[in-house]
Undergrad: 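Below: one structure in structure tokens.
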Amino acid sequence: QVQLMESGGGSVQAGGSLRLSCAGSRSTYSSLCVAWFREAPGKGLEWVSSMKTFGGDTYYDDTVEGRFTISQDNAKNTVYLQMNSLKPEDTAMYYCAASDAGYSCRFLLTRGQYNYWGQGTQVTVSS
């Protein structure tokens, strides 16, 4: 069982930055695919970025490539999402999710493929 807790959301102006954190409770935080999703009002849940814990490639949606960076601190069982050059269209509730199914993160892009979810953290970007 993995419990996830997001933090770091807030309100910023366009062009600003935020860093989201996703802390995992499981002592064995290895071999998980951890992803960030977001859901804006009136829109569906969309995948943003993902990576395998304890090393692995990183993946980004085209809308955030070059602006967002996913990273991890294994000692803290935490995955981060550094968000720079924020735009109003980045406004959404951001969720972290984890899968222990063992598949490559490259193929895990939808809600149903992740079995652990955090409660979400709100990001609001004003113009």
Side-chain angles (χ1 to χ4, degrees):
Q1 190 77 8
V2 179
Q3 292 184 331
L4 303 174
M5 179 70 72
E6 303 97 333
S7 60
S11 297
V12 296
Q13 290 191 323
S17 298
L18 285 172
R19 189 178 78 160
L20 306 183
S21 299
C22 175
S25 65
R26 196 168 82 176
S27 59
T28 308
Y29 200 54
S30 61
S31 297
L32 295 176
C33 177
V34 178
W36 288 97
F37 286 79
R38 64 186 180 186
E39 188 167 29
K43 291 188 174 182
L45 190 72
E46 63 175 0
W47 170 82
V48 174
S49 180
S50 57
M51 72 180 302
K52 198 92 177 256
T53 56
F54 285 77
D57 292 337
T58 58
Y59 303 94
Y60 300 94
D61 183 76
D62 288 345
T63 60
V64 306
E65 180 88 51
R67 300 188 297 122
F68 291 10
T69 302
I70 191 170
S71 63
Q72 60 186 315
D73 183 334
N74 296 330
K76 296 182 179 179
N77 287 352
T78 300
V79 171
Y80 302 99
L81 186 68
Q82 178 67 43
M83 305 186 296
N84 298 329
S85 301
L86 282 162
K87 304 175 181 180
E89 51 264 43
D90 294 317
T91 295
M93 182 71 80
Y94 283 71
Y95 299 91
C96 71
S99 169
D100 58 6
Y103 299 116
S104 169
C105 290
R106 180 191 299 270
F107 306 112
L108 303 180
L109 304 176
T110 62
R111 181 198 300 264
Q113 295 174 305
Y114 288 83
N115 45 341
Y116 304 107
W117 289 82
Q119 83 292 345
T121 186
Q122 177 68 38
V123 171
T124 303
V125 185
S126 58
S127 57

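Given the structure is predicted, the values throughout are model-derived calculations rather than measurements.
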Undergrad: Taking only residues two or more places apart in sequence, or in another chain, which ones meet Tyr94 in a ring-ring contact (aromatic ring centres under 6.0 Å, His included)?
TA: none

Undergrad: Applying side-chain contact (heavy atoms from CB on, under 4.5 Å), name anything that partners Ser85, two or more places apart in sequence or on another chain.
TA: Arg67

Undergrad: Can you list everything that forms a side-chain contact (heavy atoms from CB on, under 4.5 Å) with Ser7? Sequence neighbours excluded, please.
TA: Ser21

Undergrad: Mind checking side chain to side chain donor-acceptor pair (under 3.5 Å) for Thr110 and listing every partner two or more places apart, or none if nothing turns up?
TA: Gln113

Undergrad: Just grab all the disulfide bond (SG atoms under 2.5 Å apart) pairs involving residues 85-127, residues at least two apart or on different chains.
TA: Cys22-Cys96, Cys33-Cys105

Undergrad: What class does the angle between the rings of Tyr95 and Trp117 fall in, given that below 30° is parallel, 30 to 60° is tilted and above 60° is perpendicular?
TA: perpendicular

Undergrad: What residues form a side chain to side chain donor-acceptor pair (under 3.5 Å) with Ser17, not counting sequence neighbours?
TA: Asn84

Undergrad: Name all residues meeting the side chain to side chain donor-acceptor pair (under 3.5 Å) criterion together with Trp47; count only those two or more places apart in sequence or in a different chain, and write none if there are none.
TA: Ser50

Undergrad: When rounded to the nearest 0.5 angstrom, what distance separates OG1 in Thr124 from CG in Leu86?
TA: 10.5 Å

Undergrad: Considering residues at least two apart in sequence or located in another chain, which fulfil the side chain to side chain donor-acceptor pair (under 3.5 Å) criterion with Glu39?
TA: none

Undergrad: Taking salt bridge (Lys or Arg N to Asp or Glu O under 4.0 Å) as the cut-off, I'd like each qualifying pair that reaches into residues 110-120, sequence neighbours left out, listed once.
TA: none

Undergrad: List for me each residue that meets salt bridge (Lys or Arg N to Asp or Glu O under 4.0 Å) alongside Arg106, sequence neighbours excluded, and say none if there are none.
TA: none

Undergrad: Quick one: side-chain contact (heavy atoms from CB on, under 4.5 Å) partners of Glu46, sequence neighbours excluded?
TA: Arg38

Undergrad: Which one of Thr53, Thr58, Asn77 satisfies the side chain to side chain contact (heavy atoms under 4.5 Å, CB included) criterion with Gln72?
TA: Thr53

Undergrad: Report the C-alpha distance between Glu6 and Leu20 in whole Å, list the side-chain angles of each, state the deciding distance to 0.1 Å, and finish with yes or no for side-chain contact (heavy atoms from CB on, under 4.5 Å).
TA: CA-CA 7 Å; Glu6 303 97 333; Leu20 306 183; over 6 Å; no

Undergrad: Can you sort out the partners of Glu89 under salt bridge (Lys or Arg N to Asp or Glu O under 4.0 Å), two or more places apart, ordered by chain and number?
TA: none

